[in-house]
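Report on the following structure.
Treat the numbers as computed from the prediction; the structure is a model and nothing was measured. Just so it is clear, the values below take in all heavy atoms, side chains as well, and ignore hydrogens, waters and symmetry mates. Just follow the structure's listing: the first ligand is 1, and inside any ligand the first atom is 1.
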Amino acid sequence: RAKADGRRAYRFYTADMTERARERLEIETALRRALAEHELRLVFQPQIDLRSGRLMGAEVLVRWLHPTAGLLLPGRFIAVAESTGQIEQIGGWVLEEACRDLKRWERAGFGGIRLGVNVSGRQVLHGNLVETVQGALERSGCRPESLEIEITEGFLIRGPDTSRSILERIRDMGVGIAIDDFGTGYSSLSYLKQFPISRIKIDRAFVRDISLDVNDQAIVRAIIALGRSLGLKVIAEGVETAEQLALLTECGCNEAQGYLFSEPLTASVFLDYWNRQARPL
Ligand code: C2E
Ligand code: MG
Ligand code: MG
Ligand code: MG
């Protein structure tokens, strides 16, 4: 009986594995087409200065306009792209496109903000990130100071020496470096001074319950204090309520992004948002 159960469990296990492998292959193939057929799009989420209420920048997030499945979020395809290596091509495209948009806006009279671009650890460790960033800046004519790359701490730890030297070269160009989802990884605090970081992004997991959970509030306070004493800017992710905003402001957090201000917007809607912000009616 135990044997039969075991066999059945094994069969389910392999069926599940096969299903996952099939789905992965499907995404990989479809992504190759997506890149060739230009199905990827960028959206922009406003980042707001908490003291002045001004728009300081935006995080660039990728979307996949799939011909039959509709609009796909990165959660559906970034992990696959990371494991197949396609993230290097996708990431390169995102950087190029983001810089081109920023320059186009600047020419249209919308200047003075920065764009934050998510970069996968695989781009840092295996791609030519330095050349990719340099190329995107040169071809677009963007100022390096208006670009920031966002990277999660987990990746830095996998190849600390390689990542440090690559990030230093990027920092030396004048490009900002933000640690994304801060607090969720292996968070060795010493990394904050070992790497050339300019900004900490507090993960929304800590922001979510900040007004209910005293521990989360203590963690957020500590991150902000730490950032300040190290001379880093701190931005909170996933701010959804006025209560969260009030607490973050009181703690001395520099900036915030989240649905309270705006969801990620297409370029033209983002420009409308910016316009309204700059010239309130
Ligand atoms: P992330 O970099 O931490 O991005 C923040 C995510 O939180 C985004 O999800 C954003 O839409 C969502 N978000 C923003 N405000 C709120 C809020 O108030 N509440 C809640 N619940 N969520 C909010 P999205 O766009 O689905 O992206 C998910 C992740 O995919 C990103 O997390 C990032 O790690 C990755 N990603 C997105 N674009 C790229 C890219 O171009 N390259 C790479 N390598 N990764 C990307
Ligand atoms: Mg990010
Ligand atoms: Mg994040
Ligand atoms: Mg994330």
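The pair Glu150-Lys201 counts as a salt bridge, with a side-chain nitrogen and a carboxylate oxygen less than 4.0 angstrom apart. The residues Arg169 and Asp172 are annotated as not salt-bridged, no charged nitrogen and carboxylate oxygen being separated by less than 4.0 angstrom.
At a threshold of 2.8 Å, the Mg ion (ligand 2) has a backbone or side-chain N, O or S atom of Glu150 nearer than that distance. Checking Glu59 against the Mg ion (ligand 2), an N/O/S atom falls under the 2.8 Å cut-off. With 2.8 Å as the limit, Asp181 counts as an N, O or S neighbour of the Mg ion (ligand 3).
Ring geometry for Phe270 versus Trp105: interplanar angle of 30 to 60°, hence tilted.
Residue contacts with ligand 1 for Pro264 involve side-chain atoms from C-beta outward but no N, CA, C or O (heavy atoms, distance under 4.0 Å).
The shortest N or O to N or O distance between Asn118 and ligand 1 is under 3.5 Å. Considering backbone and side-chain N/O of Leu260, none are found under 3.5 Å from N/O of ligand 1.
Distance check: Leu31 CG to His66 NE2 gives 8.5 Å after rounding to the nearest 0.5 Å.
Leu265 and Ile113 fall within the same hydrophobic cluster, where Ile, Leu, Val, Met, Phe, Trp and Tyr residues are linked whenever their side-chain heavy atoms come under 4.5 Å apart, directly or through other members. Val234 and Phe261 fall within the same hydrophobic cluster, where Ile, Leu, Val, Met, Phe, Trp and Tyr residues are linked whenever their side-chain heavy atoms come under 4.5 Å apart, directly or through other members.
Among heteroatoms of the N, O or S kind in Asp180, OD2 lies nearest the Mg ion (ligand 2).
Using a 4.0 angstrom heavy-atom cutoff, Glu59 counts as in contact with ligand 1. Distances from ligand 1 to the non-hydrogen atoms of Lys201 include no value under 4.0 Å.
Every atom of ligand 1 is numbered from 1 in the order shown, and the set under 4.0 Å from a heavy atom of Gly238 is 16 (C), 17 (C), 18 (O).
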